[in-house]
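What follows is one structure encoded as structure tokens, with my remarks underneath.
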Amino acid sequence: MNQYFADMHIHVGRTKSGRAVKITGAKTLTVSNIISHARDRKGLHMVGIIDCHSPEVLDELEELASKGELVRHQDGGLMYGGLCIIPGSELEIRSEATGAPIHVLCFFPNLAVMRDFSKYLSLHLKNIHLSSQRVYLTGKALQDKTKELGGLFIPAHIFTPFKSLYGKGVKQSLSEVFDEKKIDAVELGLSADTEMADAIKELGEYTFLTNSDAHSLAKIAREYQAVFMEDTSFHEFSLVLRQEAGRKVAANYGLDPLLGKYHRTVCSNCLTPIPEGGEACSQCKNSRYVKGVADRIVELSSGKRNNVQRPPYIHQVPLEFIPGVGKKAMESLMDHFGTEMSVLHSVPFEALKKAVPERTAELIVQAREGKLKVHAGGGGRYGKVQDKK
Ligand SMILES: [Zn+2]
Ligand SMILES: [Zn+2]
């Protein structure tokens with residue numbers, strides 16, 4: 001069995017012709033830039049491109065296939081050199097229980113099936129060219145269609161306060177919205193980790209994924225997983241999710257949840273943390289708040305942790321969060337060590353010191369060892385690493 005790095009939630013900002021897909025995504029986030037950045041700079045082996053329902057994105061991938069640059073893997077997935085691309089789509093459904101929007105990820109084995117799914121979707125949403133669109137289908141109907149086409153179905157960033165299953169989507173249980181047997185895994189999102197998610201009983205049987213939800217090239221692989229597979233393909237990845245034949249997630253690499261944008265409950269007006277039981281914001285007297293993921297999990301928790309074997313969840317601090325790693329330091333690191341994966345995981349302190357100032361090298365090593373001090377994020381603002389000795 002081999003170990004591979006996979007980030008399964010990457011958006012497309014623009015098509016080759018410049019047409020917007022993820023409107024809030026970066027203009028440089030094109031299919032060809034995603035491929036080269038993910039493979040050569042980040043050091044990933046497998047990516048999920050999650051806007052493949054967009055017809056121009058499909059055209060682009062088909063063009064790469066017709067030129068022979070993108071090759072269909074016999075077990076599903078599309079190979080570009082050493083990088084395996086799994087085509088997919090992020091969609092928004094509404095909870096029948098609460099009316100709240102919920103994001104989900106659907107993955108498919110090849111471009112022909114992806115095209116069929118895109119055609120089907122175009123009958124059920126307003127603009128097939130755009131990302132993360134509201135589909136006018138129930139969660140269960142979308143699951144049925146995904147399964148009929150041989151796809152994988154994964155609720156996305158399940159704890160974020162907006163647009164997620166446990167944010168506002170369910171009162172008690174995911175069965176209010178989905179058929180629990182047709183869920184292949186769940187994505188934790190930036191503000192939660194395995195420890196937090198295992199406080200929810202019904203999640204005990206699912207594989208946890210940690211993906212970047214990147215809206216720009218720099219954010220690719222800010223979360224990812226190491227997976228054990230024989231090879232990189234759609235079929236192998238589905239075995240990973242089912243934890244069959246020795247395939248499994250070997251480790252989740254996720255943002256320290258404190259760094260996530262929605263970790264703690266804050267005032268919706270000025271983002272001041274609201275203490276437990278606090279009525280109004282101490283700073284601006286506003287009484288509305290954005291509930292943090294940590295508090296939401298406590299609400300949903302059974303009080304007992306799931307008794308399941310989980311891969312380690314390794315808190316990682318992306319290089320861009322590390323004080324002192326600006327554009328110049330980043331360029332120097334890439335020139336010296338090739339990929340961000342090697343800087344984050346393996347390059348020794350002595351070598352780092354030759355590429356960046358000693359203090360920056362120290363912080364990179366501390367990040368690796370989980371020793372950085374972090375200010376919690378909330379209300380849509382990321383947490384921050386403190387540069388204190
Ligand atoms: Zn989303
Ligand atoms: Zn997304």
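Order of listing sets the numbers, starting from 1, for every ligand and every atom in it. In this text, all values refer to a predicted model and were calculated from it rather than measured experimentally.
Among heteroatoms of the N, O or S kind in H103, ND1 lies nearest the Zn ion (ligand 1). The Zn ion (ligand 1) sits nearest to atom NE2 when only the N, O or S atoms of H157 are considered.
Contact check on R310 versus E195 returns no salt bridge, with no Lys/Arg side-chain nitrogen under 4.0 Å from an Asp/Glu carboxylate oxygen. Of the charged side-chain nitrogens involved, at least one lies within less than 4.0 Å of a carboxylate oxygen, so that E340 and K42 count as a salt-bridged pair. E56 and R19 are joined by a salt bridge, as a carboxylate oxygen and a charged side-chain nitrogen come within less than 4.0 angstrom of each other.
Computed with the Zn ion (ligand 2) at the centre, the H11 NE2 to D213 OD1 angle is 90°, stated to 10 degrees.
Counting backbone and side-chain atoms alike, E90 contributes an N/O/S atom closer than 2.8 Å to the Zn ion (ligand 1). Metal site remark for the Zn ion (ligand 2): H9 contributes an N, O or S atom at a distance under 2.8 Å.
Relative ring orientation between Y262 and F162 is described as perpendicular, the plane-to-plane angle rising above 60° on a 0-90° scale split at 30° and 60°.
Considering all non-hydrogen atoms of both residues, S268 and N286 come closest at OG-ND2, 3.3 Å.
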